[in-house]
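What follows is one structure encoded as structure tokens, with my remarks underneath.
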Number of protein chains: 2
Amino acid sequence: MSVQVNPRKRPVQGRSKETCEAILGAAARILEERGLEAANTNAIAELAGVSVGSLYQYFPGKEAIFAELIRREESGMVERLEALVAGTAGCALEERLRLLVRAGVEQQLARPRLARLLDSVEATLPEDEALRAVERRILDLIRRVLRDHPGEVRRRPSRTTARDVLAMVKGMVDAAGFAGETRPGSLEKRVFLAVLGYLRQPEPRWRAGVVVREALS
Amino acid sequence: MSVQVNPRKRPVQGRSKETCEAILGAAARILEERGLEAANTNAIAELAGVSVGSLYQYFPGKEAIFAELIRREESGMVERLEALVAGTAGCALEERLRLLVRAGVEQQLARPRLARLLDSVEATLPEDEALRAVERRILDLIRRVLRDHPGEVRRRPSRTTARDVLAMVKGMVDAAGFAGETRPGSLEKRVFLAVLGYLRQPEPRWRAGVVVREALS
DNA sequence: GCATGATACGAGTAATTGCTCGCATCCTCA
DNA sequence: TGAGGATGCGAGCAATTACTCGTATCATGC
């Protein structure tokens, strides 16, 4: 019943490493070119130029392949972001946010369809502690930046705020990729504005008595 | 090869309407409770209490069922939103946005997993003119609201701005639903702040000479 | 009530997909 | 160099899934 998402056996020789890479690369290409339904083990093995037997030697099933792709994508991302945060410790909030946004946009726009699909596949996979840890690191990193500039931000540096920021970035970038935007410049600027706007927007002051009559019958 | 997403035959008698509804309801429940992989035609028919033969009488395949679910969801949404915009013609921008956000949040949070899955399924379906039309109506509606309050918004009322707003709302609400948020109040407020912040955030003034040294080796 | 079309049924078939296993080949190291 | 482990192979079986079709039942108009 339950789905196994961990690799079955670690490759030790050089050629088996290549086999694994070929499998992962083929899975990625099929996902982005033909979609999730087309990404079955036979098709992956064939495009990889490898037999199904070899595939199953290293992965217990296609979910494990997807999971490995996600792990690589996410951990590459988080390491880039953490280096960025560490390397801009003295910089202004706007500069740091701009760089973080740029990294996120570039990552997601490099292979938009693949990134989008991996995101949605991730939601269907069983809980993976390694992935949860990476997710936490990203959220913590956002909170750290917010905490470094207390006077400039009106949102609390909570997990919720971090999740909101991450979600709006992902949402906007995914939509842009889907709509065919490929030049990162304009998108990056808009995402940056959105993030900054959310963090700086003051709580609205309720003018007493302003109640909207229900607009629907 | 290509996938047919239009219904095969319109039900004319009452009982066949019920059959169709049962099929659509069962498909929705399987999607939200067991995920996309489990939503095959046999399972849908069984849960609907209907034979596969009956299912295929009205839908050429499972994709057509999903497409119908999406069409209903989207067109229900767009009609609610359009009524809202029309009914608040004289109101302040903030009130109108708040109501729009509320409608979106409530819709998506009513059955978060289903809404999320339908969104990702939609991306894999072939182009459907009816769905593109609904999408356009939503974007136009956002642009109309922006145009109604020219002095209060710093973004152009373009398709891109509308897409950005829609994407950040969807992104935030999806993430919140996935994280287990069920109370709409707090989420609604944060999404509202994000939208307002994006629309009002001024373009940053570049202080000349502020260039960030590359933070990575 | 009966003729006709609409609706429902579900066993059964074709196609797809997941996965195994026995055997061939390659690599490493003593 | 040869023994043993690592790697690769792919035919083929089992399980799943999509879908059809002959038959039975129901609804409606006459």
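Quick caveat: nothing in here was measured; it's all calculated off a predicted structure. All chains are named by letter (A, B, ...) in the order of the sequence lines, taking the proteins before the strands, and each is independently numbered beginning at 1.
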A/Arg143 side-chain N/O to A/Ala162 backbone N/O, donor-acceptor pair under 3.5 Å:
no
Determine, for A/Glu33 against A/Arg111, whether the closest basic-nitrogen to carboxylate-oxygen distance falls under 4.0 angstrom.
no
Are any side-chain N or O atoms of A/Ser51 and backbone N or O atoms of A/Ser54, one a donor and one an acceptor, separated by less than 3.5 Å?
yes
The criterion is side-chain hydrogen bond (donor to acceptor under 3.5 Å, both in side chains); which residues satisfy it with B/Ser120, sequence neighbours excluded?
none
A/Arg163/B/Glu181 ion pair, N-O < 4.0 Å:
yes
Below 4.0 angstrom, which residues in residues 11-20 of chain B have at least one non-hydrogen atom near DNA chain D?
B/Gln13, B/Arg15
With rounding to the nearest 0.5 Å, note down the distance linking CD in A/Glu94 to CZ in A/Phe192.
4.5 Å
Given A/Ser186 and A/Arg190, is the side-chain hydrogen bond (donor to acceptor under 3.5 Å, both in side chains) satisfied, shown in steps?
CA-CA 6 Å; A/Ser186 157; A/Arg190 278 144 45 210; 2.9 Å; yes
Between A/Gln201 and B/Gln201, is there a side-chain donor-acceptor contact under 3.5 Å, judged purely by atom types and distance?
no
For residues 62-70 of chain B, tabulate all N or O donor-acceptor pairs below 3.5 Å that involve a side-chain atom, not counting sequence neighbours.
residue, atom, partner, partner atom, Å
B/Glu68, OE1, B/Arg71, NE, 3.4
B/Glu68, OE1, B/Arg71, NH2, 3.4
B/Glu68, OE2, B/Arg72, NE, 3.3

Please identify the 5'-most and 3'-most nucleotides of DNA chain D with any atom under 4.0 angstrom from a heavy atom of chain B.
D/dT17 to D/dA27
Would one find more than 12 heavy atoms of other residues, nucleotides or ligands at under 6.0 Å from atom CZ of B/Arg147?
yes
Using heavy-atom distances to pick each residue's nearest nucleotide on DNA chain D, tell me which of A/Ser54 and B/Val52 is more 5'.
A/Ser54
Could you check which residues of residues 56-64 of chain B get a heavy atom under 4.0 Å from DNA chain D? Sort them by number, please.
B/Tyr56, B/Pro60, B/Gly61, B/Lys62
Nucleic acid contacts of residues 24-42 of chain A, taken as heavy-atom distances under 4.0 Å to DNA chain C:
A/Asn40, A/Thr41, A/Asn42
Whether B/Arg156 side chain and B/Thr161 backbone form a donor-acceptor pair below 3.5 Å:
no
Take a 6.0 Å sphere around CD of A/Glu106 and say whether it holds more than 12 heavy atoms from other residues, nucleotides or ligands.
yes
